Amino acid sequence: NAGVTQTPKFQVLKTGQSMTLQCAQDMNHNSMYWYRQDPGMGLRLIYYSASEGTTDKGEVPNGYNVSRLNKREFSLRLESAAPSQTSVYFCASSQGLARTYEQYFGPGTRLTVT
Amino acid sequence: AQSVTQPDIHITVSEGASLELRCNYSYGATPYLFWYVQSPGQGLQLLLKYFSGDTLVQGIKGFEAEFKRSQSSFNLRKPSVHWSDAAEYFCAVKRGGSQGNLIFGKGTKLSVKP
């Protein structure tokens, strides 16, 4: 049982390049989330998917797109990377039903945009 | 609007000493509350959660937290800190409504002196 996996672990992009961060979970969870973590800012929600087939914006969606490919996989795409998107990105999943809202996190992707 | 406040950005305690990390939330109804721990370079790991019932909840690694509705607090405690507890700790509350989104505090970094 791997839990939540993310690829890649590290990435360096030049301004304007695009890339997709991959996330998969094997816990049969309904809901999946993408966060970014910046020093002193805690975790900020970028996008989430409450269930397969749905996606919604979080606090900081600008510059990102997401795809809920199936129940297991939820990808985050940067179409034209900017230095302000330098951050650590975390994917998480949860059952998302009554009394099971705890989220389980992947190990993160450290992204640097130069 | 809902929010979570962790008043202490950084705390240093001696190994073997007791620990209390503070968390205050704003939410009108009974909240769903969580504490997570993040070791350097890692993802977040769930320490404990509170949904209802007994206001003192036990978690992993010897941690406990107490829900106090009158103070809108959910403080994390440990009777005797170990060097391996050095990490960053995040308090979170479930956002109101049917979605499972969590709102995170900005975190408290714990250092442990030998």
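For clarity, every value in this text was computed on a predicted model and none was experimentally measured. Within every chain, numbering begins at 1; the chains are lettered A, B, ... in the order of the sequence lines, protein sequences first and strands thereafter.
- Proximity of R95(B) to Y101(A): side-chain heavy atoms (C-beta onward) are nowhere separated by under 4.5 Å.
- Closest approach of F105(A) and L44(B) over heavy atoms only: CB-O, 3.5 Å.
- Note on V4(B): it clusters hydrophobically with F74(B), by side-chain heavy-atom contacts below 4.5 Å among ILVMFWY residues.
- Residue I60(B) qualifies as enclosed at atom CD1: its count of foreign heavy atoms under 6.0 Å is above 12.
- Taking NZ of K49(B) as the start and CD of Q103(A) as the end, the distance is 12.5 Å to the nearest 0.5 Å.
- With values rounded to the nearest 0.5 angstrom, E59(A) atom CD is found 8.0 Å from I103(B) atom CD1.
- With a 6.0 Å radius and a threshold of 12 heavy atoms from other residues, nucleotides or ligands, K109(B) has its NZ atom at or below the threshold.
- For the set A92(A), G108(A), P107(A), S94(A), the count of heavy-atom pairs under 4.5 angstrom toward chain B peaks at P107(A).
- Interface remark: Q95(A) contributes no atoms to any contact with chain B (heavy atom separation under 4.5 Å).
- Residues L43(A) and V37(B) fall into different hydrophobic clusters, defined by Ile, Leu, Val, Met, Phe, Trp and Tyr side chains chained together at heavy-atom separations under 4.5 Å.
- In the hydrophobic clustering of this structure, L33(B) does not group with L45(A); members are Ile, Leu, Val, Met, Phe, Trp, Tyr whose side-chain heavy atoms approach within less than 4.5 Å, directly or through other members.
- Closest approach of F90(A) to Q38(B), counting heavy atoms only: CZ-NE2, 3.3 Å.
- Distance CD/E102(A) to OH/Y36(B): 6.5 Å, rounded to 0.5 Å.
- With values rounded to the nearest 0.5 angstrom, Y35(A) atom OH is found 4.5 Å from F104(B) atom CZ.
- Residues L48(B) and F34(B) are members of separate hydrophobic clusters, defined by side-chain heavy-atom contacts under 4.5 angstrom among Ile, Leu, Val, Met, Phe, Trp and Tyr.
- Of the two parts of L102(B), the backbone and the side chain both hold a non-hydrogen atom closer than 4.5 Å to a non-hydrogen atom of chain A.
- In R72(A), the CZ atom is crowded: over 12 heavy atoms of neighbouring residues, nucleotides or ligands sit closer than 6.0 Å.
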